[in-house]
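Remarks on the structure that follows.
Order of listing sets the numbers, starting from 1, for every ligand and every atom in it. Please read these numbers as outputs of a predicted model, since none were measured by experiment. Basis for what follows: all heavy atoms, side chains included, without hydrogens, waters or symmetry-related copies.
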Amino acid sequence: MGKILAFLKKDLWKIIIILSLTFIQAMANLFLPSFMSDIVNLGIPNGDTGYILEIGGFMLAIAFGGIICQIIARFMSSKVSAGFSMDLRNNVFTKVESFSLTEFDKFSTASLITRCTNDITQIQHFLDMTLRMAITAPMMAIGGIIMAIRHGQSLSLILIVSCTAIIAVMAVNFSITVPKFKMIQTNVDKLNLITRENLSGIRVIRAFNAQATQDKKFDKANQDLTHLHLIIGRIMAALQPLTMLIMNITTVIVLWLGSRLVQSYTIQVGDLMAFIQYVMQIMFSFQMLSMTFMIIPRAMVSVKRINEILDTDPAIKDNKEEDLKTPDNTGKVEFRNVTFYYPNAIEPALKNISFVSKPGQVTAIIGSTGSGKSTLVNLIPRLYDVSDGEVLVDDINIKDFSQHELRNRIGYVPQKNMLFAGDIESNIVFDREVIESEITESAEISQAMEFINEKEQGFQHPIAQAGSNVSGGQKQRLAIARALINSPKIYIFDDSFSSLDFKTESKLRNALEPKVKNSTVIIVTQRVSTIMDADQIIVLDSGNIVGIGTHHYLIKNSSVYYEIASSQLTKEELS
Ligand code: ADP
Ligand code: MG
């Protein structure tokens with residue numbers, strides 16, 4: 001809570017003004033019926049027009065002042081709460097961006113989106129309500145009771161009975177709706193997840209005719225959420241008229257009893273009228289309070305969910321500035337006894353991995369799917385931290401680099417490559433400082449020029465969200481071009497040639513060779529032909545290195561490698 005409240009600090013004086021204004025407004029409301037009773041009790045029986053006009057004018061001024069205060073307070077509270085939610089959103093988003101993949105695995109993407117949007121809106125709504133009612137509602141409830149008793153002591157029993165009745169109604173309301181309100185946020189999460197999955201996976205869903213099942217999933221989540229809203233709605237629908245009924249019955253009883261008391265001169269007409277107005281005010285403020293109380297639980301759930309984000313320390317953080325090192329950029333990569341577990345996994349994804357990859361060398365990693373190849377290369381740009389052992393770049397533990405510096409040294413083409421909405425150029429440059437010739441050179445080498453030239457707008461050809469308007473192979477080539485910018489010393493290609501035909505692949509590799517000849521190149525692949533002349537080949541099997549050496553060495557000495565190779569190569573190539 002403290003962290004979230006800190007965002008309100010800079011608006012403290014505004015909050016004080018809002019609370020003061022609402023205080024004045026409540027005071028105005030509290031005194032108006034009292035003045036009215038004076039007019040009825042003193043002014044009218046004496047026919048004192050001057051007195052009536054004087055008090056009446058005074059009441060008008062108070063009422064007007066109260067309204068002005070209310071308008072300004074509303075205006076300011078909307079502004080404060082909207083500004084607060086903007087700050088909070090900014091902070092939460094920045095925090096989420098600082099998360100490592102470990103945290104992304106922990107919170108689901110859908111939940112992160114709900115938290116950045118819907119949850120913050122809940123808190124904003126709550127803040128707005130609280131600012132406007134925190135002073136007014138209790139003041140009018142308590143002040144109203146005091147004033148009512150002052151004007152009609154003999155009628156206070158009715159007040160006690162009807163207040164008790166209203167509180168009982170509120171209690172019933174609470175006990176049913178509060179747990180439901182709490183459940184709503186998790187249901188919004190679920191709905192978000194299904195919506196996202198369905199929209200981004202629409203091609204697969206169509207291709208497999210899975211609309212019906214997906215619809216059903218969506219329907220279920222949608223219905224669950226609707227059901228919750230309905231329950232809350234029904235309870236409110238039933239209880240609000242009940243509150244009104246209690247208020248009206250109270251008025252009738254007060255009038256009935258009151259008129260007798262007026263007849264017996266126990267109470268004056270003006271006091272009776274004031275009493276009724278106070279009773280209305282009290283009930284009204286009870287309703288306001290109950291509304292605020294009702295959104296508290298939902299807002300608290302949201303606060304908790306936001307705090308979970310703000311309180312999460314990213315697993316991967318830079319060391320203190322003075323402890324950071326920036327060794328010469330040679331490109332050497334070394335794994336020393338690296339073991340890695342995914343969060344919550346029982347089995348390690350990598351076990352005791354050691355190897356050295358030197359500049360000017362090509363290191364290939366081969367192994368069946370799920371053997372841990374992508375996991376291994378993900379550790380080099382520190383997308384995850386090792387569980388045990390060390391990864392060294394340029395002879396320094398990568399934890400001693402700043403993440404920025406480390407990643408600057410690496411040209412990484414992930415297996416699941418990603419294009420962003422924009423154009424071809426923005427996807428290659430990707431916010432770095434580059435010269436024009438470098439862009440063309442990268443596109444040239446990655447064989448992307450071929451299809452860029454075919455586009456009317458060339459490098460300015462628009463790319464749709466997630467690159468859905470280019471083919472898999474074109475996407476791969478652009479991702480490779482992106483990695484070549486700034487000529488890093490370390491290149492990681494995670495299955496990056498898989499969508500290319502053999503001809504394009506060989507052209508690409510020929511063009512790539514001079515560019516990367518002084519760099520460390522790590523290639524993950526399934527194709528033996530791609531890596532036959534690699535300087536060293538690492539054979540992975542269930543997270544273990546089961547062979548390391550050249551193609552010829554491994555053919556003779558690694559049964560796993562021989563098996564993979566023999567399934568892809570001819571007899572002559574095998575020998
Ligand atoms: P490869 O690239 O060799 O096909 P991966 O490195 O992607 O294999 O995966 C190795 C193992 O780690 C697999 O068993 C996979 O299920 C598991 N794995 C991959 N990513 C995650 C993740 N984010 N969370 C948990 N387990 C994962
Ligand atoms: Mg992989």
Provide the number and element of each atom of ligand 1 under 4.0 Å from a heavy atom of T375. 5 (P), 6 (O), 9 (O), 10 (C)
Show which atoms of ligand 1 fall inside a sub-4.0 Å distance from at least one heavy-atom site of T369. 4 (O)
Filtering Y384, F104, Y342 for the heavy atom nearest atom 25 (C) of ligand 1 leaves Y342
Tell me which one of G543, G367, A349, G370 gets a heavy atom nearest to atom 10 (C) of ligand 1. G370
To the nearest 0.1 Å, how far is atom 2 (O) of ligand 1 from its closest protein heavy atom, and which atom is that? S374 OG, 2.8 Å
Just say parallel, tilted or perpendicular for the rings of F84 and F7, cut-offs at 30° and 60°. perpendicular
Parallel under 30°, tilted from 30 to 60°, perpendicular over 60°: which one fits the rings of F340 and Y342?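 Perpendicular: the ring planes of F340 and Y342 meet at over 60°.
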Answer yes when E513 and K517 have at least one side-chain N-carboxylate O distance shorter than 4.0 Å, and no when they do not.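 Result for this pair is no, no salt bridge flagged.
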Using 4.0 Å as the upper bound for N to carboxylate O, is an ion pair formed by E334 and K358? no
Heteroatom N/O/S of T375 within less than 2.8 Å of the Mg ion (ligand 2):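 Coordinating: no.
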Hey, is the Mg ion (ligand 2) within less than 2.8 Å of some N/O/S atom on S374? yes
Would you please determine whether A345 falls within less than 4.0 Å of ligand 1 on a heavy-atom basis? no
Is a side-chain N or O of N118 found less than 3.5 angstrom from the main chain of T114, in a donor-acceptor match?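 No, N118 side chain to T114 backbone: no donor-acceptor pair under 3.5 Å.
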Do D541 side-chain atoms and V560 backbone N/O form a donor-acceptor pair below 3.5 Å? no
Within the 4.0 Å heavy-atom cut-off, what D105 brings close to ligand 1 is side chain
For atom 19 (C) of ligand 1, state whether the nearest protein heavy atom is under 4.0 Å away.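 Looking at atom 19 (C) of ligand 1, one finds that a protein heavy atom does lie closer than 4.0 Å.
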Less than 3.5 Å apart, any donor N or O on the side chain of D318 or S402 sitting next to an acceptor on the other? no
